[in-house]
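Structure record follows, encoded as structure tokens.
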Amino acid sequence: MRGREAELERIGNLVRGPGGGMVVVCGAGGLGKTTLAAEAAAKAAARARSQEKKVVWIRWRDDTAQLGLEFGKAARILGLPESRLEEARTGRVSLVDAVWKHLKDVEDWLIVVDNVDTPSRVGPGSEPLAAYRGWLRPHGSGLLLVTSRDTTRQTWGPDADLIHLQPLADEAGGTVLLDAEPHAGTENEAEALAARLGGLPLALNAAGTYLSVPTSRHRTFTAYQEALESEFADLLGAENPAAATDPAVARRVVRHTWDLSLDQLQSDGYTLARPVLQLLALLEPAPVPRTLMTPELVTDATGLPTTAAGVDAALAGLHQYGLLDTPETGEPEPDSTVVGRLQLHPLVREVTAHTLSRPEPTTAWLAAIDEHLAQAVDAVAGMPGRTGWPTARLLAPHLPAHLDRNTPHNFTSARNTLGSLADILRAAGAASEELLLRRHVLDNESDARGPDHSDTLTSRNSLATTLSNLGEHRQAADLHQQVLTDRQRVLGPDHPTPSPAATTTPAH
């Protein structure tokens, strides 16, 4: 329960309170929803030893009839007369209504329904769960606690209390690792590894278990973190042969836990969810502008027939199951538009990139991404005023890899794309993002064309101006002077190419 104290206290207050209702602990696979529910149930059971509260645990097995039997047993434990159950068996009354009438009349109970990842199938009947006429209702005098990967208010309705779990903070994650293996390093080293693992409890548990085994090759937090760079597929992407047939195993393995959600989306008709997730995983670990994820990109990469509605549905499904985040944006620039952002949890991205097979070679997908990144920069360059600035900032982290992939075979075009975006970022006052691109262009240009090439000298001059805009005036002035000296040496003092001072704002 490291880092879950607030959520546990919130559930505890609901358990102890007089009002009853329904609380849904929700979030992506691997966040510890079942563990949180189990701890809340254990605390309620401990309290029940001195009071009359009863605790019942039900595991959802994707079977409405079985769920009905389980609720019938729960109601019987809570005092529902056998005569009422017999009336339901003979059809004289509805079983679900008989059970919930009793649960409304009797107090001091906690019923946990675990792993309701397919709430649309809970039933009975075909009404949406949010109508509250099925097996899951907020109308009892005790507390109904549900765990699920489905995070949407639309699914659970207005009367459910949603607790949307997030990854653990670095300090809590570091403590989890130290709990597992206290001799593997310092608190700072444990927190650094926790941050690398994105605060995902399932991954923290896997790493801690590995480090605690005396025969493991990597025995320290630092060694494990370094090994992730070259051995990720073995350490966290290892395949478990039982996962394909046993969902309980899949939930406990980092490699497989999100496959359950993707399989569910596929069976629900979200056929583009998996390829869209794979495309996002091939981009950098930074927010992606929503406008980049177009039907044309998906089709060019995958060859699948795609519509805008299909992409919208795929993104909505991924978001619904906690695989995709849409980070909030700050206040938009004056005269600029609000740009939607898409971001994967770092481990969702990394596992997807390492383990999921694609119908086409990865190089074909990356080629499509590069083509559409270039198109996106062109589109931003054509936007009037400040409207394209927010998108330019979001595109910036994804452009260095674009240049790397296109060197040397398509270097000039890719270099020009980065230069164009850097110019937009300069106009937007986004000097830090601009600096990232200017440095990358210069490094690649120096390698591809040599340090004395005229383009390289121009790029060095642009970098100096960017440094000046960041307030690094001494460094900028020195670099301007170096560029001037090198131009005079390479081109001669009388060459018509303007000097840096004539083409840039002088460093102060």
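For Y132, the ring pair (Phe, Tyr, Trp, His ring centres under 6.0 Å) partners at least two apart in sequence or on another chain are H139. Under the rule for a ring pair (Phe, Tyr, Trp, His ring centres under 6.0 Å), the partners of Y224 that lie at least two apart in sequence or sit in another chain are Y210.
At a threshold of 4.0 Å, the pair D161-R10 counts as salt-bridged, since one of the basic side-chain nitrogens sits closer than that to a carboxylate oxygen. R196 and E226 are not joined by a salt bridge, as no carboxylate oxygen comes within less than 4.0 angstrom of a charged side-chain nitrogen. Electrostatic pairing of R255 and D234 does not count as a salt bridge here, judged by no charged N lying under 4.0 Å from a carboxylate O. Classification of E70 and R59 as a salt-bridged pair fails, no side-chain N sitting under 4.0 Å from a carboxylate O. Between R121 and D63 no salt bridge is recorded (no basic side-chain N to carboxylate O distance below 4.0 Å).
Annotation: side chain of L442 is not in contact with side chain of R438 (no heavy-atom distance under 4.5 Å). L403 places a side-chain heavy atom less than 4.5 Å from the side chain of F411. Residues L204 and L200 are not in side-chain contact: their nearest non-hydrogen atoms beyond the backbone lie 4.5 Å or more apart. Considering only heavy atoms from C-beta on, Q343 stays 4.5 Å or farther from L324 through its side chain. Looking at L297 and T294, their side chains come closer than 4.5 Å, going by heavy atoms from C-beta outward. At least one side-chain heavy atom of L31 sits less than 4.5 Å from a side-chain heavy atom of P167. With contacts defined as side-chain heavy-atom distances shorter than 4.5 Å, the pair W135/L129 does not qualify. Annotation: side chain of P287 is not in contact with side chain of L342 (no heavy-atom distance under 4.5 Å).
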Next on the checklist: One pair to check against side-chain contact (heavy atoms from CB on, under 4.5 Å): L366 and L282. What are the steps and the verdict?
Outcome noted: CA-CA 7 Å; L366 290 172; L282 290 175; 4.0 Å; yes
Item to check | Test salt bridge (Lys or Arg N to Asp or Glu O under 4.0 Å) applied to D117 and K33, step by step | outcome: CA-CA 12 Å; D117 297 335; K33 300 179 292 295; 6.0 Å; no
Checklist entry - Step by step, would you call D404 with H440 a side-chain hydrogen bond (donor to acceptor under 3.5 Å, both in side chains)? => result CA-CA 9 Å; D404 294 342; H440 207 73; 2.7 Å; yes
Next on the checklist: Show, in sequence, the C-alpha distance, side-chain angles and deciding distance for L145 and I111, and conclude whether the side-chain contact (heavy atoms from CB on, under 4.5 Å) test is met.
Outcome noted: CA-CA 6 Å; L145 172 57; I111 296 177; over 6 Å; no
Item to check | Derivation of the side-chain contact (heavy atoms from CB on, under 4.5 Å) call for L304 and T299 | outcome: CA-CA 5 Å; L304 296 171; T299 296; 5.9 Å; no
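For the pair A314 and Y270, the tightest heavy-atom approach, listed with the atom from each and the gap, is N-CD2, 4.3 Å. Considering every non-hydrogen atom in both L399 and L395, the closest pair reads CD2-O, 3.0 Å. Of all non-hydrogen atoms in L279 and W365, the two that sit nearest each other are CD2-CE3, 3.6 Å.
Interatomic distance, L265 CG to L323 CG, rounded to the nearest 0.5 Å: 7.0 Å. In this structure, L292 CG and L283 CG are separated by 6.0 Å, a value rounded to the nearest 0.5 Å. In this structure, OG1 on T152 lies 4.5 Å from CD on Q320, to the nearest 0.5 angstrom. L197 CG to L202 CG: the interatomic distance, rounded to the nearest 0.5 Å, is 10.5 Å.
Side chain of T220 to main chain of G185: no donor-acceptor pair is present (N/O by atom type, distance under 3.5 Å, no hydrogens or angles). Here the side chain of T64 pairs a donor or acceptor atom with the backbone of V122 at under 3.5 angstrom. A donor-acceptor pair under 3.5 Å is absent between the side-chain atoms of S216 and the main chain of H218, judged by distance alone.
Residue pairs meeting the salt bridge (Lys or Arg N to Asp or Glu O under 4.0 Å) criterion with at least one member in residues 167-181, sequence neighbours excluded: R2-D179, E181-R219.
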